[in-house]
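Have a look at the structure below, then the notes.
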Amino acid sequence: MSNKTRVRFAPAPTGFLHIGSARSALFNWLYARHTGGVLVLRIEDTNEALKRDEFIDAITGPLQWLGLDWDEGPFFQSERTQLYSEAVEQLVESGQAYYCDLSREQVNELCEAQGLPAGYHGFSRDKGLPDGEGTVIRFRAPDEGTTVIDDVIRGRVEFENAHIEDFVIRRSDGSSGFLVANAVDDHDMGITHVVRGEDMLSTTPKVVMLWQALGFGDTPTYAHLPLLVNEQRKKLSKRKDDVSLGEFRRRGYMPEAMLNHLALLGWGPPDEVEVRPVAEIIELFDLENVTKGAAFFDVKKLDSINAEYVRAQDLDTFISDAEPYLTAADTPWPAKNYSAEVFARLASEVQQRVATHADTTDFVDWVFNDEISYDEKSWAKGIVKAKLVPEILAGVIERFATCDWEAETLADTVRAVGDDLGARSQVPVRVAVTGRNFGIPLWDGLVALGREQTIVRLQATLGRL
RNA sequence: GCCCCCAUCGUCCAGCGGCCUAGGACGCCUGCCUUUCACGCAGGUAACACGGGUUCAAAUCCCGUUGGGGGUACCA
């Protein structure tokens, strides 16, 4: 094997991929690409309950969406159990592991009876118990010395061996635990750098102990990434936090923007240019520059980055990316009202204003919907607080009845009405016709809406005053 | 409880002993542009957790305190 960098992304298939895992995958990928190395995808399904096919797509789908490709795998730990069993066997034979028939409850009782703090305390260590039903195998963790992790991000981290109890490496159902699988696979797959979340830092000495006990030689280099946290500064949780990558995709975020934002969580380019092509991120990325402190995933920032990516699209791409949201089943307007031609005329103005493609509907709903609803704030600001509104609306209605129904004329007409009255006429008209006091330029939309419908809305508003 | 990690604007990142009266981005606020909004442009608000050292010099190094987080399973 060459001296190429080999990293791995090794998620447990526990449902949808969340942004924390995606960030780990991304940093592994960036490092692999930056160094011209290899990214291995490994599914850690050592637990019987995790071996479910539908969970695999939940991992690979989002990775592909983000554009994170892997070079080897996916490998499934559930298909490699023989290797783990052999390793466990080797440890038992060499006296570095032993059988134990104590249940968790029994362990707790023993602790209490002997006045010991909670923990295992090697109760069965020297009993020479045989294998049997309900028996587990525990690793004989060294009692003295320290296990040192030279972490690329955190520096030297020391664990006193005395603090590490004899942990289970084979469960009572005969399956091997994740720690052995981890050591065996990282060794077998020639992993040179283990890049993962900081929540794994505490288990690292256990894996290192196994690694040494199995005679694997030098361990990989470790790099523990800062955690992604929620507003309460707690590790992101699937249950409590809004973290599904698929959900962000559904909400219309672009994968490039998501990737860009994720890359900025725990890392920053030396030149402080944040929004940039992935090729440049790869070029500039390095594990050495990864931050130590936990980072909060701020959707506001994502919105801003996404908006920048959207604005940078060429018009046709923007239109085709927005199209699914405009023709979805849940649009605010009846499907039959939608016109791709009309949208195409309004698209460039919409593109400048949306944060995501999904937002597109908010800017054109008034054109395609039969009726509008007035936004409360807009009504207050654009109608209640504006002056001469009845006069403006009446004036516009009168002239709209007969003027050319063409964008420039409509703009001039509204302006003229305002000028004649010495008032600002656009906002009241805008609220009357769209329901809001902000949005794309009115005129092309009005052309599409039609003279009749426009006048109906202006009169309806006048009627409400 | 025990073990481990972390600590610069509200948020994300820069700073790796002097260039820092701490820089950029997002957010927020103001102005310009524009008879809407947005974009763009010009400004503004806002941070080195605290206490001791070390040093001619500390946001940067060391120790402690406080605060936050992670781990403590026959989950990964």
Side-chain angles (χ1 to χ4, degrees), chain A residues 10-14 44-47 49-50 77 100 102-104 107 117-120 134-138 149 151 153-155 157-160 162-165 167-179 181-182 196-206 224 226-227 229 231-235 261 263-275 289 291-305 307-308 311 349-355 363 378 381-382 411 414-415 418-419 423-431 434 436-442:
Chain A
T14 56
E44 306 224 316
D45 55 351
T46 63
N47 189 318
L50 299 177
Q77 292 192 322
C100 170
L102 262 27
S103 67
R104 191 74 235 175
V107 169
Y120 180 68
T135 298
V136 301
I137 295 177
R138 286 181 182 272
I149 314 297
D151 194 283
I153 297 165
R154 271 146 233 291
V157 183
E158 293 185 24
F159 295 86
E160 277 185 54
H163 288 133
I164 292 166
E165 66 177 31
F167 51 93
V168 171
I169 56 176
R170 191 203 68 183
R171 307 181 184 108
S172 58
D173 66 359
S175 65
S176 305
F178 124 97
L179 295 162
N182 222 268
R196 35 131 75 147
E198 197 204 324
D199 49 346
M200 306 303 281
L201 184 54
S202 300
T203 67
T204 307
K206 294 179 182 174
H224 286 93
L227 254 23
V229 297
E231 277 172 294
Q232 286 75 241
R233 297 256 125 202
K234 300 237 194 273
K235 181 167 97 159
H261 182 231
L264 264 13
L265 263 26
W267 176 81
D271 59 8
E272 302 197 324
V273 177
E274 297 190 322
V275 179
N289 305 330
T291 304
K292 292 173 173 168
F296 169 62
F297 184 94
D298 187 359
V299 180
K300 285 238 183 80
K301 178 107 175 188
L302 208 214
D303 281 343
S304 148
I305 293 174
E308 202 167 323
R311 272 183 255 122
E349 295 290 352
V350 175
Q351 182 180 13
Q352 276 200 82
R353 291 165 173 80
V354 293
F363 286 85
S378 298
K381 286 173 96 174
V414 170
R415 177 191 290 267
D419 287 349
R424 299 218 155 190
S425 54
Q426 192 188 132
V427 173
V429 171
R430 175 178 291 278
V431 176
T434 74
R436 303 190 192 96
N437 68 341
F438 57 88
I440 58 172
L442 237 26

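Just so we're on the same page: letters track the sequence lines, and every chain starts at 1. What you see is a predicted model, and the numbers here were worked out from it, not measured in a lab.
Within the 4.0 Å cut-off from OP1 or OP2 of C37(B), not a single side-chain nitrogen or oxygen of Arg353(A) is found. An OP1 or OP2 oxygen of C4(B) is reached within less than 4.0 angstrom by no side-chain nitrogen or oxygen of Arg154(A). In terms of phosphate contacts, Arg233(A) brings no side-chain nitrogen or oxygen within less than 4.0 Å of OP1 or OP2 of G70(B). Of the side-chain N and O atoms in Thr46(A), one or more sit less than 4.0 angstrom from OP1 or OP2 of A76(B). For A76(B), the OP1/OP2 oxygens have a side-chain nitrogen or oxygen of Arg171(A) closer than 4.0 Å.
Annotation: of the two residues near RNA chain B, Val273(A) and Asn289(A), the 5′-most nearest-nucleotide partner is Asn289(A). RNA chain B is contacted by both His163(A) and Val275(A); His163(A) maps to the nucleotide lying nearer its 5′ end (nearest heavy atom per residue).
Looking at heavy-atom distances under 4.0 Å, Arg311(A) makes contact with sugar-phosphate atoms alone, never a base. Using a 4.0 Å heavy-atom cutoff across all strands shown, Glu158(A) reaches sugar-phosphate atoms only and no base atom. When heavy atoms are screened at a 4.0 angstrom cut-off, Arg436(A) is found touching no nucleic acid atom at all. When heavy atoms are screened at a 4.0 angstrom cut-off, Phe296(A) is found touching the sugar-phosphate backbone but no base atom. Residue contacts for Phe297(A): at a heavy-atom cut-off of 4.0 Å it reaches no nucleic acid atom on any strand shown. Nucleic acid contact class of Val168(A) (heavy atoms, under 4.0 Å, all strands): sugar-phosphate only. Among the atoms of the strands shown, only primed sugar atoms or phosphate atoms (P, OP1, OP2) are found under 4.0 Å from some heavy atom of Thr291(A). As judged by a 4.0 angstrom heavy-atom cut-off over every strand, Pro441(A) is placed among the base-contacting residues. At a threshold of 4.0 angstrom between heavy atoms, the contacts of Gly266(A) are confined to the sugar-phosphate backbone, with no base atom among them. Among the heavy atoms of the strands, none lies under 4.0 Å from Arg196(A). The residue Gly439(A) sits close to a base: some heavy atom pair falls under 4.0 Å. Here Asp271(A) lies out of heavy-atom contact (under 4.0 Å) with every strand.
When rounded to the nearest whole Å, the span between CG of Leu442(A) and P of U36(B) equals 11 Å. One can place NZ of Lys206(A) at 12 Å from C1' of C4(B), the figure rounded to the nearest angstrom. If you take CG of Leu264(A) and P of G24(B), they are 16 Å apart, rounded to a whole angstrom. For Asp303(A) and G27(B), the CG to C1' distance is 11 Å, given to the nearest whole Å. Summarising the geometry, the separation between CZ on Phe167(A) and P on A76(B) is reported as 13 Å, rounded to the nearest angstrom. One atom, CG of Leu302(A), and another, C1' of A25(B), lie 14 Å apart when rounded to the nearest Å. Going from atom CG of Leu227(A) over to atom P of C4(B) covers 18 Å, rounded to whole Å. Rounded to an integer number of Å, the gap from CZ of Arg430(A) to C1' of A38(B) is 10 Å.
Under the 3.5 Å distance criterion, the side-chain polar atoms of Asp303(A) are left unmatched by any main-chain donor or acceptor of Ala355(A). Proximity of a side-chain donor or acceptor of Thr46(A) to a complementary backbone N or O of Gly177(A) within less than 3.5 Å is not detected. Although no hydrogens or angles enter the test, the distance criterion places a donor-acceptor pair under 3.5 Å between the side chain of Glu165(A) and the main chain of Tyr120(A). The backbone N or O of Val229(A) sits nowhere less than 3.5 Å from a side-chain atom of Arg233(A) that would complete a donor-acceptor pair. In terms of modelled atom types and a separation under 3.5 Å, the side chain of Arg436(A) and the main chain of Phe363(A) share no donor-acceptor contact.
Annotation: A49(B) and C6(B) have their C1' atoms spaced 13 Å apart (nearest Å). Distance noted for atom P between C63(B) and A7(B): 14 Å (whole Å). For the C1' atoms, the distance from U45(B) to G31(B) is 15 Å, rounded to whole Å.
Using modelled atom types and a 3.5 Å distance limit, the side chains of Arg430(A) and Thr434(A) yield no donor-acceptor pair.
In this model, a side-chain donor or acceptor of Lys301(A) finds a partner on the base of A25(B) within 3.5 Å. Checked by distance alone, Ser304(A) brings no side-chain donor or acceptor within 3.5 Å of a matching partner on the base of C26(B). For Glu272(A) against G23(B), a side-chain-to-base donor-acceptor contact under 3.5 Å is present. The base of G71(B) lies outside donor-acceptor range of the side chain of Thr203(A), with no N or O pair under 3.5 Å.
Out of C39(B), C12(B), C4(B), the shortest distance to the side chain of Ala295(A) is found at C12(B). Taking the side chain of Asp199(A) as heavy atoms from C-beta on, and the options C39(B), G71(B), G27(B), the nearest nucleotide is G71(B). When each of A38(B), C26(B), C12(B) is scored by its nearest atom to the side-chain atoms of Lys300(A), the top-ranked nucleotide is C26(B). Of the candidates C4(B), A76(B), C6(B), the closest approach to any side-chain atom of Val157(A) belongs to C4(B). Looking at the side chain of Ser172(A), the nearest of the listed nucleotides G71(B), A76(B), C74(B) is C74(B). Comparing C4(B), G71(B), U35(B) by their closest approach to the side chain of Lys235(A) singles out G71(B).
Not a single salt bridge (charged side-chain N to carboxylate O under 4.0 Å, His left out) links Asp173(A) to another residue, sequence neighbours left out.
A 4.5 Å side-chain heavy-atom check between Leu227(A) and Glu198(A) finds at least one atom pair inside the cut-off.
The partner of A25(B) is U11(B), by the rule that a Watson-Crick or G-U pair needs both atom distances under 3.5 Å. As the counterpart of C74(B), no nucleotide is assigned, since no Watson-Crick or G-U wobble pattern has both distances under 3.5 Å. When both pairing distances are held under 3.5 Å, C48(B) makes no Watson-Crick or G-U pair with any nucleotide shown.
Smallest separation of non-hydrogen atoms from Ala295(A) and Leu265(A): CB-CG, 4.1 Å.
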